[in-house]
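For the single chain, residues carry numbers from 1 onward in sequence order.
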Amino acid sequence: MAAVSSMSKMYGLCFRAVRQTAGLKAYRLLQRRGFRVTVLQLQQTFDSSLEKPQFPGASAEFVDQLEFIQPNVISGIPVYRVMDRQGNIINPSQDPQLSKETVLNFYQKMTMLNTMDRILYESQRQGRISFYMTNYGEEGTHIGSAAALDPNDLVFGQYREAGVLMYRGFPLDHFMAQCYANADDLGKGRQMPVHYGSKDLNFVTISSPLATQIPQAAGAAYAVKRENTNRAVICYFGEGAASEGDAHAGFNFSATLECPLIFFCRNNGYAISTPTNEQYRGDGIAARGPGYGMLSIRVDGNDVFAVYNATKEARRRAVAENQPFLIEAMTYRIGHHSTSDDSSAYRSVDEVNYWDKQDHPISRLRHYMTARGWWSEDDERSWRKQSRKTVMEAFERAERRLKPNPELLFTDVYQEMIPSLNKQRESLWRHVQQYKEHYPLDLYEK
């Protein structure tokens with residue numbers, strides 16, 4: 001009986017403790033930010049007398065005819081644009097009414113990026129750097145989207161978004177330092193070229209594995225939502241990356257967790273050498289949004305104003321409503337995939353020339369400015385000369401700089417050097433000393 005009495009008392013204490021703990025948890029939960037809870041998330045009451053589906057996993061009606069859904073049930077999603085190919089505003093109500101200074105900044109950033117690409121591409125061809133990826137033809141997607149964001153918004157790039165960083169103020173010296181892996185490189189020479197990153201500019205460092213940034217962005221957006229700081233996250237990727245499993249995970253997590261995230265797909269026609277007709281059978285990437293419960297839009301990626309409008313509205317609503325958006329920007333990759341690629345093996349010169357000469361985002365914006373008297377031939381010549389001089393000066397400075405100290409190979413992973421890492425460090429220096437004629441240490445910082 002004594003044992004029973006003790007157990008009864010213990011049970012009573014535990015019950016009261018659990019009840020008090022539950023009450024405290026409920027109180028704390030009410031003190032937190034009230035996340036939006038939809039009716040679908042609440043327990044539903046079912047009326048068995050209704051002849052309609054009661055399954056919790058879909059909204060539907062019963063039918064009595066056997067019919068498979070056709071893949072083109074969502075097809076022909078229109079392409080939103082503001083300007084035609086000659087730079088004329090099609091619908092005045094869609095004109096973003098940007099100031100002359102803002103538009104000139106757009107143009108100068110797009111052309112500066114183009115100039116930097118040409119110089120660094122040639123630098124790689126001359127053996128000065130090991131690798132490079134150009135942004136030819138996609139400048140409008142970078143600048144239009146970057147301009148629509150808040151500086152505090154977090155950016156996850158793939159590897160062809162240098163213009164986003166440039167618009168945010170990333171200096172030419174840092175672009176060059178990263179590609180040359182010199183002592184000024186923020187990444188301390190540990191990454192291959194074009195894998196930029198900037199903590200100060202809220203741009204997460206690019207990594208080579210395809211699509212890994214997509215679920216990472218979903219997690220970051222969920223954290224941003226919980227912080228309730230009126231920030232958004234934008235995640236860039238290509239249509240080829242959308243075939244990766246990580247894309248599914250990122251889309252689904254962001255939709256079910258209701259995250260302030262903009263998925264920005266650059267559909268440039270090719271995933272390296274794989275054309276879109278071999279990449280997917282559906283209507284592009286925007287058609288996938290409804291399946292995940294995401295609001296989606298397809299825009300003309302060569303129209304910087306269309307990209308700006310779509311990104312600005314998506315950003316506004318993502319923050320206000322805590323939900324993800326999918327933007328598919330239709331554009332064209334004029335350059336090779338990278339310096340390791342020869343695109344003439346899988347597409348014609350005429351095809352590339354069409355997009356370069358007839359439907360280029362830079363020439364379209366220039367037509368717009370010229371029609372308003374904001375830009376002239378003299379302005380063009382002067383700016384091209386000035387921008388090339390600026391890029392070349394940064395290029396020359398980068399070439400003269402020393403490489404990072406080899407000791408940095410072993411830092412920034414552990415706060416204190418662990419024995420196995422220290423063993424590797426000692427082995428490296430023994431090797432370097434033994435074969436020092438092959439290691440010109442005078443080219444590295446002491």
Is it true that the side chains of Gln323 and Glu321 contain a donor and an acceptor less than 3.5 Å apart?
-> yes
Hey, is CG on Leu443 packed in by over 12 heavy atoms from elsewhere, all under 6.0 Å?
-> yes
Does Asp300 pair with Arg85 as a salt bridge, N-O distance under 4.0 Å?
-> no
Neighbour count above 12 (heavy atom, 6.0 Å) for Tyr414 OH = no
Could you tell me which non-hydrogen atom of Arg401 sits nearest to which non-hydrogen atom of Ala183, and how far apart they are?
-> NH2-CB, 3.5 Å
Enumerate the residue pairs fulfilling salt bridge (Lys or Arg N to Asp or Glu O under 4.0 Å) with a member in residues 186-207, sequence neighbours excluded, ordered by first and then second residue.
-> Lys188-Asp412, Arg190-Asp412
Taking C-beta and beyond as the side chain, do Val299 and Arg81 meet within less than 4.5 Å on heavy atoms?
-> no
Residue pair Ser130, Gln124: steps toward the side-chain hydrogen bond (donor to acceptor under 3.5 Å, both in side chains) verdict = CA-CA 6 Å; Ser130 61; Gln124 192 281 333; over 6 Å; no
Within 6.0 angstrom of Arg388 CZ, more than 12 heavy atoms from elsewhere = no
Does Arg366 pair with Glu380 as a salt bridge, N-O distance under 4.0 Å?
-> yes
Test: Arg298 and Asp283 ion pair at under 4.0 Å = yes
Provide the full list of ring pair (Phe, Tyr, Trp, His ring centres under 6.0 Å) pairs with a residue in residues 137-166, sequence neighbours left out, each pair given once.
-> Tyr159-His337
Ser387 versus Gln108, side-chain donor and acceptor atoms under 3.5 Å | no
Summary of salt bridge (Lys or Arg N to Asp or Glu O under 4.0 Å) pairs that have at least one residue in residues 341-355, sequence neighbours excluded | Arg333-Asp341
Output all residues satisfying ring pair (Phe, Tyr, Trp, His ring centres under 6.0 Å) with Phe395, sequence neighbours left out; order by chain, then residue number.
-> Tyr180
Quick one: closest heavy-atom pair of Gly87 and Tyr368, and the distance?
-> O-CD1, 3.5 Å
Ring pair (Phe, Tyr, Trp, His ring centres under 6.0 Å) partners of Tyr292, counting only residues at least two apart | His248, Phe251
Do any N or O atoms from the side chain of Glu161 and from the backbone of Gln158 form a donor-acceptor pair under 3.5 angstrom?
-> yes
Backbone of Ala306 reached by a side-chain donor or acceptor of Asp303 within 3.5 Å = yes
Measuring from Cys235:SG to Gln213:CD, what's the distance to the nearest 0.5 Å?
-> 4.5 Å
Only counting residues at least two apart or in another chain, list the ones meeting salt bridge (charged side-chain N to carboxylate O under 4.0 Å, His left out) with Lys385.
-> none
Residues, nucleotides or ligands: over 12 heavy atoms within 6.0 Å of Tyr280 OH | yes
So ring pair (Phe, Tyr, Trp, His ring centres under 6.0 Å) across residues 195-215, not counting sequence neighbours, yields Phe175-Tyr196
Just checking, is any N or O donor in the side chain of Tyr236 or Ser145 under 3.5 Å from an acceptor N or O on the other one?
-> yes
Please check if any side-chain donor atom of Asp246 sits under 3.5 Å from a side-chain acceptor atom of Thr212, or the reverse.
-> no
Considering only heavy atoms from C-beta outward, does the side chain of Trp383 approach that of Asp378 to under 4.5 Å?
-> no
Evaluate whether atom NZ of Lys403 has more than 12 neighbouring non-hydrogen atoms of other residues, nucleotides or ligands under 6.0 angstrom away.
-> yes
Partner set under side chain to side chain contact (heavy atoms under 4.5 Å, CB included) for Glu396, not counting sequence neighbours | Met392, Arg400
For Lys225 and Glu258, indicate whether the former's side chain and the latter's backbone hold a donor-acceptor pair under 3.5 Å.
-> yes
Within the distance-only criterion (no hydrogens, no angle test), does the side chain of Ser198 pair as donor or acceptor with the backbone N or O of Leu201 below 3.5 angstrom?
-> yes
What distance separates Phe263 CZ from Ser296 OG, expressed to the nearest 0.5 Å?
-> 10.5 Å
Flag the pair Met112 / Leu172 as yes when at least one side-chain heavy-atom distance between them is below 4.5 Å, and no otherwise.
-> yes
With side-chain hydrogen bond (donor to acceptor under 3.5 Å, both in side chains) as the test, would you mind laying out the steps for Gln178 and Asp185 before giving the verdict?
-> CA-CA 5 Å; Gln178 199 284 324; Asp185 176 22; 4.8 Å; no
If you look only at pairs with a residue in residues 151-160, which of them pass as a salt bridge (Lys or Arg N to Asp or Glu O under 4.0 Å), with sequence neighbours excluded?
-> Glu138-Arg160, Asp153-Arg315
d(Gln386 CD, Thr115 OG1) to nearest 0.5 Å is 11.0 Å
Modelled atom types, side-chain donor and acceptor of Asn267 and Glu328, under 3.5 Å | yes
Under the 3.5 angstrom rule, does the side chain of Arg231 hit a backbone N or O of Asn152 as a donor-acceptor pair?
-> yes
Would a 4.5 Å heavy-atom cut-off, applied to side chains only, mark Thr311 and Ile327 as touching?
-> yes
Taking ring pair (Phe, Tyr, Trp, His ring centres under 6.0 Å) as the test, write out the residues that go with Tyr132, two or more places apart.
-> none
Ignoring hydrogens and geometry, is there a side-chain-to-backbone donor-acceptor pair from Glu139 to Thr111 under 3.5 Å?
-> no
Charged N-O contact under 4.0 Å between Glu313 and Arg316 = yes
Nearest-0.5 Å distance that lies between atom CD1 in Ile262 and atom CD1 in Ile234 | 4.5 Å
With a 4.5 Å limit on heavy-atom distance, are the side chains of Val82 and Tyr308 in contact?
-> no
Residue pairs meeting salt bridge (Lys or Arg N to Asp or Glu O under 4.0 Å), one or both in residues 268-281, sequence neighbours left out, come to none
Distance-minimising heavy-atom pair for Met83 and Ile90 | C-CD1, 3.8 Å
Taking atom CE of Met133 and atom CG of Leu120, what is their separation to the nearest 0.5 Å?
-> 13.5 Å
Over all heavy atoms of both residues, which pair between Ala247 and Ala241 is shortest? Give the atoms and the distance, please.
-> CB-O, 3.9 Å
With distance as the sole test, does Asn309 use its side chain to make a donor-acceptor pair with the main-chain N or O of Gln94 at under 3.5 Å?
-> yes
Can you list the steps and then say if Asp379 with Ser382 is a side-chain hydrogen bond (donor to acceptor under 3.5 Å, both in side chains)?
-> CA-CA 5 Å; Asp379 292 326; Ser382 175; over 6 Å; no
For the rings on Tyr136 and Tyr121, is their centre-to-centre separation under 6.0 Å?
-> no
With a 4.5 Å heavy-atom cut-off, do Cys265 and Glu239 have their side chains touching?
-> yes
By ring pair (Phe, Tyr, Trp, His ring centres under 6.0 Å) - contacts of Phe325 (at least two apart) | none
In terms of heavy-atom contacts, Ala177 and Ala398 come closest through N-CB, 4.4 Å
Shortest non-hydrogen contact from Gly137 toward Ile334 = CA-CD1, 3.7 Å
